Every structure is written in structure tokens, then in C-alpha cells.
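The structure appears below as C-alpha cells.
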Protein chains: 2
Amino acid sequence: MLRLSKKADYALLALRHLAVPGPRATASARELAESYDLPPELLAKVLQQLVRGGLLSSQQGIRGGYGLARPAAEITVVDVIEAIDGPMTVTACSESDHSCDQYTKCNIRDPLWKLKDRIVAALSATTVAELAIDLVPAPESIPVSLVRR
Amino acid sequence: MLRLSKKADYALLALRHLAVPGPRATASARELAESYDLPPELLAKVLQQLVRGGLLSSQQGIRGGYGLARPAAEITVVDVIEAIDGPMTVTACSESDHSCDQYTKCNIRDPLWKLKDRIVAALSATTVAELAIDLVPAPESIPVSLVRR
DNA sequence: CTGATGTCCGACCGAACCAGTCCAGTTTAC
DNA sequence: GTAAACTGGACTGGTTCGGTCGGACATCAG
């Protein structure tokens, strides 16, 4: 259905929270869960995945917590989605993975891959720094080069 | 994972098949299934959904089959996806549906909806007529009318 | 007109996946 | 040493998706 998973939602929520400039640049899993009414254990798992993906840095111990591993402006939405759900693929098969039964007879691969590229482009044009701004300033910069209609 | 469903894949495959100019502008569910090695009954169901969505017209009886309900250039990829999987929503909530537990505390709605709009724009900029254009000089352009597994 | 054939149609079922939970272990601060 | 926090694995329940079945309907032969 082309919808992003709840885990990805939670990840974006948490990253945005950590991206807003405030007194502290770090927060614990429990704090985050309470702030947004999310199931604490699930959010913890999501945060762990973000650490493994290199988007967050974690600090163990009693004063531990999570913080952004790099500036918010350098973390795109695609980075987040891929850290949570694995590589972005709109179709079952890709350039590197031909594991779809109809590979030889499929005739819509190329146009669909082009579509995927455009979606990825849109998603990587948005960073979590922009999510943290309440007013959206970004003038739409869609790659129009392929639009034919 | 932001991937489109197999049913949507099959739908695009079938629509493309019906869009290529050929001796016949119509085909039966069984013909289409055999051409692409798809489970016949599942494809049949997909085709029914496309009929209900107004993208295909069906003809019953012994010489029956499916045909495009309107010119291929007027059928966009979004039309197909929505006919199969329902309204396109990348988030659980939307302007019309606030049924997400974190609605009041959610702070990433607006940017995400903007992203959705851009994805929809990309998807509705591509029609099945464009899918029917072979970009590659046909490494295996099969004479579709004669294909028998 | 009537039966046979081939097609579309709608309800049904099993399996995979995802959200969510639980628990034992490790690290750090006080 | 204890408490608070992260880490990692295994387990479960529910929803959705892929796939299947029998019935309804239109055409054609005779």
C-alpha cells in the first residue's frame, strides 16, 4: 500500500525530538516514549536499530540516553527508513536482486525503477532538520526532468 | 517498507499488456495469466478490482475478456494503486482520518503529508501509456498474441 | 429453444509479516 | 552495591496479503 511502517514513524518522531534545539541534546528511551505515548519496549527496539544504522549514538548507564550521531541536516528521511526497514524497494526485484518469478517476462521493470528513483529522490531531499521546523519553508524542488505527461 | 503490493504489480503488468497497440485490444484473464506466469485466479481478482475501479471494462461470455475503460494515456499509476489497495496514505492518519493514537502529540504530520503529496505527484505523472513504451530495444520482445507457456 | 462451454464474479481460507511484549544480560553513575 | 539505563534475543497475537474454491452469467452449437 506504499505506506511506511509504524516503526519508521516512531523513528522519525524520535529523531525530530532529538533534533530540536533545546536544553539537552540527548534523551532516554523512556522519556521519548512518555512524551509521545508510544510503547516503551518497541520504541527501544527502534532506537537500537537507529544506533546500529549509525544515525544515533547511545550512552549506557544510569545517565545514559540517545543523541544524534551527526547533524540533523545530514540525516535524510531515506536514511531513517532504510535503517529501520532495510533497503528501499518498491518492486520485488531490483538491479541486484532478480528473485522474482516473472523476471524474464516482466516488461514494466525499467519504468518502475525510474519511479522508485524519483520517490527516493523526494525522500532524500528532506532531512530531519527540516522536520524539526514547524513552518515548512522548502520550496518544492521536485526533479521535473522526467515528467512527461 | 514503502513497497507496492504484488497485486498492484500484477495490475500494472496487465494494464500495460492491454495498452500496447496490437491486433486485439482485449484479453481474457487466462490469456494474461499465461503470458506472464501469474496465478490465474489471483490475477482474475485483481482484474475485477480494476473493473470496479473503473479502469477496465469487462465482457462476459465465451468470447469475453477485459479491455481498457479509457485511453492508456489517461490512466496514471496512482489510479491503479488506489483501485487495488485503496487510497494512498504513507502515514496512518490523514487530513480526513485522525484515527492515530498520537494525533495530538504528533509533530511530523505536516512535513510527512507534504512528502506524500510529492510522491503522489511523481506517481500521477506517469501513465500506463508511458509504461507501454519499450525503452530498451527489446532484448526479448515476445509476440504476445502467440505466447503459450 | 436448450444445453454446453467458457468466462467473469464474490466469498472463503491459510500463511506470512508486523506491532507489541517479555525477560535476562551488560554497562555506568552515585 | 544498587539503581537506572541500554542491549539482545525469543515469543505471541492480530491483521493483511497471497492464493483457492464453487457459483452466476453470457455466448454459441445444434
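Only heavy atoms go into these numbers, but all of them, side chains included; no hydrogens, no water, no symmetry mates. No experiment lies behind these values; they were computed from the predicted model shown.
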Subject >> Working for side chain to side chain contact (heavy atoms under 4.5 Å, CB included), residues B:L12 and B:R16 >> reply: CA-CA 6 Å; B:L12 288 170; B:R16 188 218 121 107; over 6 Å; no

Figure out the [atom1]/[atom2] separation between [X] and [N], and round it to whole Å.
X: B:Q49; N: C:dG10; atom1: CD; atom2: C1'; value: 12 Å
X: A:R3; N: C:dA19; atom1: CZ; atom2: P; value: 11 Å
X: A:K6; N: D:dT15; atom1: NZ; atom2: C1'; value: 11 Å
X: A:Q60; N: D:dG8; atom1: CD; atom2: P; value: 8 Å
X: A:R30; N: C:dT21; atom1: CZ; atom2: C1'; value: 18 Å
X: B:L32; N: C:dT7; atom1: CG; atom2: P; value: 12 Å
X: A:E41; N: C:dC18; atom1: CD; atom2: C1'; value: 16 Å
X: A:L18; N: D:dC6; atom1: CG; atom2: P; value: 11 Å

Are [X] and [N] close enough that a side-chain N or O sits under 4.0 Å from OP1 or OP2?
X: B:S58; N: C:dC9; answer: yes
X: B:Q59; N: D:dT27; answer: yes
X: A:Y10; N: C:dG20; answer: yes
X: A:Y66; N: D:dT7; answer: yes

Original post:
Between the base of D:dG9 and the side chain of A:K45, is there any donor-acceptor pair under 3.5 Å?
Top reply: yes

Original post:
So do the side chains of B:L123 and A:R118 get within less than 4.5 Å of each other, counting heavy atoms only?
Top reply: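 They are not in contact (no side-chain heavy atoms under 4.5 Å apart), so the answer is no.
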
Original post:
Taking for each residue the nucleotide of DNA chain D bearing the nearest heavy atom, is the 5' side occupied by A:R52 or by A:R63?
Top reply: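 With A:R52 and A:R63 compared, the 5'-side residue is A:R63.
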
Original post:
For DNA chain D, whose closest nucleotide is more 5', that of A:V51 or that of A:I62?
Top reply: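 Residue closer to the 5' terminus by nearest nucleotide: A:I62.
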
Original post:
What pair of heavy atoms forms the shortest contact from B:T76 to B:S124, and how long is it?
Top reply: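 Smallest interatomic distance, heavy atoms only, reads CG2-O, 3.5 Å.
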
Original post:
Shortest non-hydrogen contact from B:L43 to B:A29?
Top reply: CD2-O, 3.7 Å

**OP:** Could you tell me whether B:A29 contacts a base, only the sugar-phosphate backbone, or nothing, with contacts defined as non-hydrogen atoms closer than 4.0 Å?
**Re:** sugar-phosphate

Anything under 3.5 Å between a donor and an acceptor, one on a side chain of residues 46-63 of chain B, the other on a protein residue two or more places apart or in another chain? List them.
from, atom 1, to, atom 2, distance (Å)
B:Q49, OE1, B:K7, NZ, 3.4
B:Q49, NE2, B:I84, O, 3.2
B:S57, OG, B:G67, O, 3.4

